[in-house]
Amino acid sequence: MENNYLSMWCIPDQRPSRGSIGVAHTAFSRSGRAEAGRTLAEEAVRLWHARPPDRAHEQQTDALALEHLVGAVESKVATFLQGTPTAEQLEERLKLLTELQARNATASYRQVAHAIELVVAERTGKVGDGLGAAFDANPVAVGEALAHVRDALRGLVWPTTETSAALKRFDRLVQKLRDLPEFEARLTPQATSRVSAYLVEEARAVASRATHEVLEMLTADALRRHLPSVTAALCDLEERGVRYQQQVTAMVNALADQVRVHHQDEQGTASSIALLLPGPSQHEIVGALMVAKDCTDITTLATKMIGEFELRLRDRASRSYPHAASAGLPSLMLHLPYTELVTVWTRLLDAIQRVPGFSLYERLLAFGLDAAADQLWALAAPTCFFAGRDHEVFGVGIQEIAVVALPPARGGPDDERIRGELAQRFRAKAEDNCCQVTDGAGSDELTVCRILAGFPIGIEYANHALLQSYVAAGNRGHLPHLVGIIGDSELGRPSPAHLALLHSNTTSNGNATENNHERH
Amino acid sequence: MKDIKTRMRWLTAFLLIAAGGMGRAALEWFGALYEGFEDSAPFPKFTLYADTEPGTIPAADAKLDLGLTADDVSVIKADPKAFGPIAELMVAHYPHWLHPDDIKNGSRTLRLNTQLALNFHAAKIARRLSACLRIMARRASGCSVIPVFFSSTGGGAGSALVIMLAQLLADPAFRARITRGLSPNLLDTPLAVVTEPWALAWRNGERHADKILANAYAFRLESARLEARQAFQYIFHQGLANEGGAVLDSEDQVSKTLGTAVFNLCANWTYLKARWVDNIDSAKVTDRYLGRDVPEYRLPKELHPPYAPDVSQLFPFAANGLNANPKGGSS
């Protein structure tokens, strides 16, 4: 069997390829910022919801009335069913209308049906679009739009029969015209001519009515087929309205939560890897944002922020939502989790960093550059302990490298100079100048990352505490291991050699040095 | 992925594999830092979130879904042999861990569950990794790809996935399978950034905390074995506290530290590697620990398993010799 006895504790067999990383960063006291974020969000929501509703869907819904649809269809098929037929065309028109009424799948029927389909699909599609536009214009007013469309659909007037009365009469008149030669012998030529003229005139008038009635029946068929898509659009709109309300509520609640959390943080539970710098108050932030956005009142500020918020959401949503480029703000908001909405909104407040007096570097200068560098350096110390075993005399050559990410200088007139001074301070702290100062363009925080590398895991001090839990959990039946990696771990159970190791540690009272001397 | 506008200057791309719940939380921080570079990408990357639990996050470019369903368990039980030795072992010895109601809840601190899931989804994993490498070969042409694992070591999913995936990538046959048709030198040896599960342990009662910490210990043992087989370039550990006052006892701090550490490692890789290559990397070949308080010495000989050698016989270096006398004894 392969030798893997006490693989970790046989330290001389190990390659010194372990490392440890510590991270620290600056953070502003954020309660003022959180309050400003919430206040501006509430104002923005109020403004957005006060927008006038879009009523385009009302016209589009009214256009679904059968008489309007048939009118559109008639103009679409005008070249095919050209106006009032001439006397010579009456037979042909009768045949065509009869085929259409019977829905015989002739070429003519397919052509007319296709034209009807196009008209109805376009009109119903427009209703769907109109509902979408109504949602994007004012998502809290969708109830009104829903009610209007539902009323209009309920009010649709449908044909009462499946056969055209006019077509029957048209048929009879054409039949009489056909039969007229049989009566010619009994009538004077003048009478025959008069009767014929009367019948033709009557048939032509009835042909128009019959055409209208047949098209109405076929259009009604198409509308019945397309109405489910309108109903689906209504359901979708209703559901979107509810989801939108949920999103906005969740977003505003999350912003309110941030206020609470930041207040708590500042009362002593702040992140221990953050150097907390005093941040501006809500009023200072709103004032600075007005300067940054070149406006003088909160309503204009909120309006401008809505515009920026929409742009940033569109950019983010474009990866997962193909219609992001043309969608309105409420639709965009439905395509991102509310947590992301909160992030995007609060990042809009970062604009204050471009206002003199509010930049990160000015805050750091006020805090004290030496103190800030010292604290960040200390907080970023790696989190492994070696109890002195990382000494070179034991063949362990740990190397430390620091990476300091400094955000770009933004608003303050002296930002560039302060940034340079900070970089110098961090470089001076690093042993052998192993300090990489980089452009932290990805963040508004100054981040310090200290990396130790080059030790074997066997000398890390936490091994002793972990071994105790390993044995305790093993005694209770826990299976800590994967199968096939540690040779003496049977079926994932703890390795007996390690259980024995803890036992030997406790029975030998931890007097390792004594044991070592005995053995050597 | 952002456009790699200056792609020709990159030599290295990163296949970031966030494993388990902590990996997922850290990936969100990583993603925020990466997305902050609005104009161009700070480095070429592909992020893969691997977990036995459902769901994904926007920061992940793809998800390696390793969850098992009640149906999966049913077929494993019906024909365990078809799914490999771990399935056979689980069905024979630990059927209580294969309850259909529970299996959908992820690994539940049992690393063996993840090993079973990994075996069950072996073909899918190879396909997904291969697809990731092809995407990277296209988007970051000319770069070598370093897999970077990051997770906690105490859970059931992440700590097992890091070990199992590193073991797979160290297997020449598996490497050949996922790099079929690509440059044989495309894939570098992985590195791992792991966080010890102290914060998670504090949130639980003593008994469950012991299980979590036992997993972390098992991770250390297993990673030491794989390290000997050169399955990792480096493994970075993130503990509970330092002497400067940082105490990572909340999930938020731990995940932020982990995500930021991973980001900084990747973003500054050229600088870091240039410094490590001469000392750390050569020390991996030539230097060994010379201290005498190796815990193994404390173990009475009668407790050594028959196959275990006595490390004192193998201990060739003098304590103060700084490797000067590799053949000499310790005294």
Side-chain angles (χ1 to χ4, degrees), chain A residues 1 3-12 15-23 271-273 378-379 381 383-384 389 394-395 397 399 401 403 436 441-443 449 453-454 456-457 466 469-470 472-473 478-483 485-486 488 491-492 497 500-501 504 508 512 515-516 519-520, chain B residues 33 36-37 86 93 111-112 115 160 210-211 213-218 220-222 224-225 227 234-239 242-247 253 257 260-261 264 268 271 275 279-280 283-284 287-299 303 305 307-309 311-312 315 323 331:
Chain A
M1 185 181 286
N3 164 32
N4 54 17
Y5 174 60
L6 295 180
S7 60
M8 186 178 69
W9 292 105
C10 184
I11 309 172
R15 294 149 58 85
S17 59
R18 301 281 173 145
S20 178
I21 305 184
V23 169
S271 162
S272 69
I273 54 167
L379 291 175
T383 48
C384 283
R389 269 63 171 180
F394 298 131
Q399 191 185 21
I401 302 179
V403 172
Q436 162 89 324
S443 170
C449 191
I457 189 62
L466 293 175
S469 289
Y470 176 78
H478 179 57
L479 307 167
H481 280 293
L482 300 170
V483 172
I485 296 176
I486 299 295
D488 68 337
L491 305 174
L501 179 67
S504 83
S508 67
N515 276 346
N516 287 340
R519 285 174 179 277
H520 292 282
Chain B
L33 287 172
F37 283 77
I86 303 300
H93 299 277
R111 297 169 82 229
L112 260 180
Q115 194 172 15
D210 276 339
K211 286 184 189 175
L213 297 177
N215 285 353
Y217 186 79
R220 288 188 173 205
L221 300 184
E222 291 161 4
R225 291 296 305 142
E227 199 175 44
Y234 312 101
I235 302 175
F236 295 95
H237 291 261
Q238 184 181 296
N242 63 20
E243 288 170 346
V247 183
Q253 290 184 82
T257 309
T260 310
N264 278 299
N268 299 285
Y271 176 84
R275 267 137 201 87
N279 45 46
I280 309 299
K284 285 197 279 191
D287 294 359
R288 291 294 180 265
Y289 184 66
L290 304 173
R292 290 187 178 188
D293 60 343
V294 174
E296 195 172 23
Y297 292 159
R298 293 201 290 269
L299 199 60
L303 288 175
Y307 50 82
V311 74
S312 62
F315 193 55
N323 296 341
S331 55

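Chain naming here is simple, since letters A, B, ... match the order of the sequence lines and numbering starts at 1 in each.
- Here the CE-OH distance, from Met8(A) to Tyr217(B), works out to 4.0 Å after rounding to the nearest 0.5 Å.
- Closest heavy-atom contact between Asp287(B) and Gly395(A): CB-O, 4.1 Å.
- Residue Leu379(A) touches chain B through both its backbone and its side chain, counting heavy-atom pairs closer than 4.5 Å.
- Panel note: side chain Gln253(B), backbone Ser272(A); a donor-acceptor pair is recorded below 3.5 Å.
- Only the side chain of Ile86(B) comes within contact range of chain A, with at least one heavy atom under 4.5 Å from a heavy atom of that chain.
- When heavy atoms are compared at a cutoff of 4.5 Å, His481(A) approaches chain B by way of both its backbone and its side chain.
- Contacts between His93(B) and chain A at a heavy-atom distance below 4.5 Å involve the side chain alone, from C-beta outward.
- Heavy-atom pairs under 4.5 Å with chain B peak, among Ala378(A), Pro456(A), Ala472(A), at Ala378(A).
- Ranking Pro16(A), Gly454(A), Gly492(A) against chain B, the residue ahead of the rest is Pro16(A), based on heavy-atom pairs under 4.5 Å.
- Between the side chain of Arg111(B) and the backbone N or O of Pro480(A) there is at least one donor-acceptor pair closer than 3.5 Å.
- Taking chain B as the reference chain and counting heavy-atom pairs below 4.5 Å, the highest number among Ala453(A), Gly19(A), Gly397(A) is found for Gly19(A).
- For the residue pair Arg225(B) and Ile486(A), the shortest heavy atom distance occurs at CG-CD1, 3.5 Å.
- Atom CD of Gln238(B) and atom SG of Cys384(A) lie 9.5 Å apart (nearest 0.5 Å).
- Of all the heavy atoms in Ala214(B) and His478(A), the pair that sits closest is CB-CD2, 4.0 Å.
- Both the backbone and the side chain of Val483(A) come within contact range of chain B, with heavy atoms under 4.5 Å apart.
- Just one of Leu213(B), Asn215(B), Asp210(B) meets the side chain to side chain contact (heavy atoms under 4.5 Å, CB included) condition when paired with Leu466(A); it is Leu213(B).
- Between chain A and the residues Thr260(B), Leu112(B), Asn268(B), the largest count of heavy-atom pairs under 4.5 Å involves Asn268(B).
- Remark: side-chain polar atoms of Glu222(B) are paired, donor with acceptor, to backbone N or O of Leu482(A) under 3.5 angstrom.
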Fill in: Test log, rule side chain to side chain contact (heavy atoms under 4.5 Å, CB included), inputs Ile235(B) and Ile457(A)
CA-CA 9 Å; Ile235(B) 302 175; Ile457(A) 189 62; over 6 Å; no
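- The closest donor-acceptor contact from the side chain of Ser17(A) to the backbone of Tyr234(B) lies at 3.5 Å or more, if one exists at all.
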